[in-house]
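Data block below; observations after.
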Amino acid sequence: MTILNPLFFDRPADRVAHDLIGCCLNWTRSDDSHSRMITETEAYIGPHDLASHAARGRTKRTEVMFGEPGTLYLYFVYGMHWMLNVVTGPAGYPAAVLIRAVQDINGPARLTKAMALTGSLNGKQADEENGVWFTDDTRPPRTKVIRSARIGVEYAGPVWSLKPLRFSLRPAKIS
DNA sequence: ACGATGATGAAC
DNA sequence: TTCATCATCGTA
């Protein structure tokens with residue numbers, strides 16, 4: 001098991017989003033370390049992606065999306081929820097992957113709540129020192145990654161809201 | 001189906 | 001400075 005470094009994230013967001021399924025999200029919270037398999041992600045693939053914050057251009061909020069691959073992008077929505085994203089490459093190109101769910105924690109807002117994450121790590125690298133990092137792992141056998149439309153992005157119009165940029169783990173059938 | 005709840009960005 | 005909108009969730 002190896003720690004995913006910026007090189008892993010220095011690829012198109014949809015490839016990274018796909019490959020993160022089955023990998024582990026790790027975090028430390030008050031001396032306790034946690035590790036859970038990632039089960040659902042979404043790719044926001046560039047400035048032409050009308051569902052991406054980066055479609056509005058470089059603003060104070062989207063600034064970190066233009067940063068180094070492997071940078072954490074945390075933002076606040078709906079007046080109460082934090083979303084956890086990782087910036088993908090290349091540097092200077094605004095794209096990111098939203099971590100929507102890990103094993104036993106479904107939903108991007110519930111995830112950040114469980115991790116006790118807020119905006120303090122926005123713009124920081126995903127590594128052990130910062131307390132949030134990713135590790136390589138392998139998907140359980142008899143499972144596969146399925147693609148579907150992203151959630152909550154209808155404002156982007158039919159073309160972009162329907163693109164299959166949501167990746168999730170389909171569990172093995174219980175026989 | 002909808003309200004909570006505040007940051008964001010665009011219009012004025 | 002106002003305003004609609006929002007990468008959601010819990011309750012109904």
Side-chain angles (χ1 to χ4, degrees), chain A residues 4 8-9 11-25 27 29 34 36-90 92-126 132-134 145-170:
Chain A
L4 300 180
F8 174 88
F9 297 99
R11 295 181 294 147
D14 54 339
R15 303 247 334 252
V16 174
H18 173 277
D19 291 350
L20 278 176
I21 300 297
C23 289
C24 281
L25 173 64
W27 68 97
R29 176 70 185 165
H34 307 262
R36 287 185 124 90
M37 186 178 66
I38 296 168
T39 56
E40 187 180 346
T41 59
E42 279 178 5
Y44 291 83
I45 62 177
H48 59 300
D49 178 354
L50 297 185
S52 173
H53 293 162
R56 308 279 184 177
R58 194 190 277 247
T59 67
K60 190 173 183 183
R61 179 172 65 166
T62 62
E63 181 68 27
V64 308
M65 293 185 79
F66 290 78
E68 293 295 318
T71 302
L72 298 173
Y73 171 40
L74 284 144
Y75 68 88
F76 194 63
V77 274
Y78 296 120
M80 54 186 93
H81 300 309
W82 288 95
M83 299 288 109
L84 171 63
N85 302 251
V86 202
V87 174
T88 62
Y93 182 82
V97 172
L98 170 67
I99 310 299
R100 285 192 60 86
V102 299
Q103 196 75 47
D104 299 326
I105 306 176
N106 301 311
R110 292 166 130 205
L111 174 63
T112 54
K113 188 181 178 189
M115 296 174 71
L117 269 187
T118 63
S120 60
L121 287 182
N122 187 38
K124 309 278 193 188
Q125 266 293 323
V132 175
W133 70 101
F134 297 87
V145 178
I146 59 174
R147 302 176 62 140
S148 53
R150 293 173 293 184
I151 301 297
V153 294
E154 285 166 27
Y155 62 88
V159 171
W160 283 100
S161 66
L162 294 179
K163 280 193 187 294
L165 292 172
R166 176 187 181 208
F167 299 82
S168 47
L169 186 67
R170 183 201 291 254

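Values below: every heavy atom of this structure, side chains too, minus hydrogens, waters and symmetry copies. Chain letters run A, B, ... following the sequence lines, proteins first and then strands; every chain starts at 1.
Between the OH atom of Tyr78(A) and the C1' atom of dC9(C) there is a distance of 10 Å, given to the nearest Å. Rounding to whole angstrom units, CG of residue Leu84(A) and P of dT8(C) are separated by 13 Å. dA4(C) atom P lies 20 Å from atom CD of Glu154(A), rounded to whole Å. For Tyr73(A) and dA7(C), the OH to P distance is 9 Å, given to the nearest whole Å. The CG-C1' distance, from Leu50(A) to dC6(C), rounds to 16 Å in whole Å. The nearest whole Å value for the distance from the NZ atom in Lys113(A) to the P atom in dG10(C) is 7 Å. Taking atom CH2 on Trp82(A) and atom P on dA7(B), their separation rounds to 9 Å, with Å as the unit. Between Tyr155(A) atom OH and dA7(C) atom P the separation is 4 Å, expressed in whole Å.
Checked for salt-bridge contact, Asp49(A) and Arg150(A) meet the test: a charged N lies under 4.0 Å from a carboxylate O.
Between the side chain of His81(A) and the base of dA7(C) there is no donor-acceptor pair of N/O atoms closer than 3.5 Å.
Comparing atom distances between the Val153(A) side chain and each of dC9(C), dT5(B), dA7(C) picks out dA7(C) as nearest. Of all nucleotides listed (dG9(B), dC9(C), dA7(C)), dG9(B) comes nearest to the side chain of Arg56(A).
The side chain of Arg110(A) contributes an N or O atom lying less than 4.0 Å from OP1 or OP2 of dG10(C). His53(A) has no side-chain polar atom (N or O) that falls below the 4.0 Å cut-off from OP1 or OP2 of dT8(B).
With ring centers used as reference points, Phe134(A) lies 6.0 Å or more from Phe8(A).
Taking atom P on both dT5(B) and dT2(C), the two are 22 Å apart, rounded to the nearest angstrom.
In terms of modelled atom types and a separation under 3.5 Å, the side chain of Thr62(A) and the main chain of Met65(A) share no donor-acceptor contact.
Using a 4.0 Å heavy-atom criterion, one finds that Ala109(A) contacts the sugar-phosphate atoms exclusively. Residue contacts for Leu98(A): at a heavy-atom cut-off of 4.0 Å it reaches a base atom on one of the strands shown. Using a 4.0 Å heavy-atom criterion, one finds that Met83(A) contacts the sugar-phosphate atoms exclusively.
With a cut-off of 3.5 Å on both Watson-Crick or G-U wobble distances, the partner of dA7(B) is given as dT5(C).
A 6.0 Å sphere centred on CD of Glu63(A) holds more than 12 heavy atoms belonging to other residues, nucleotides or ligands.
A stacking contact between Phe76(A) and dA7(B) is absent: the pair does not combine a ring-centre distance of less than 5.5 Å to the base's six-membered ring with planes differing by less than 30°.
Between His18(A) and Phe167(A), the angle of the ring planes goes over 60°, which puts this pair in the perpendicular group of the 30/60° scheme.
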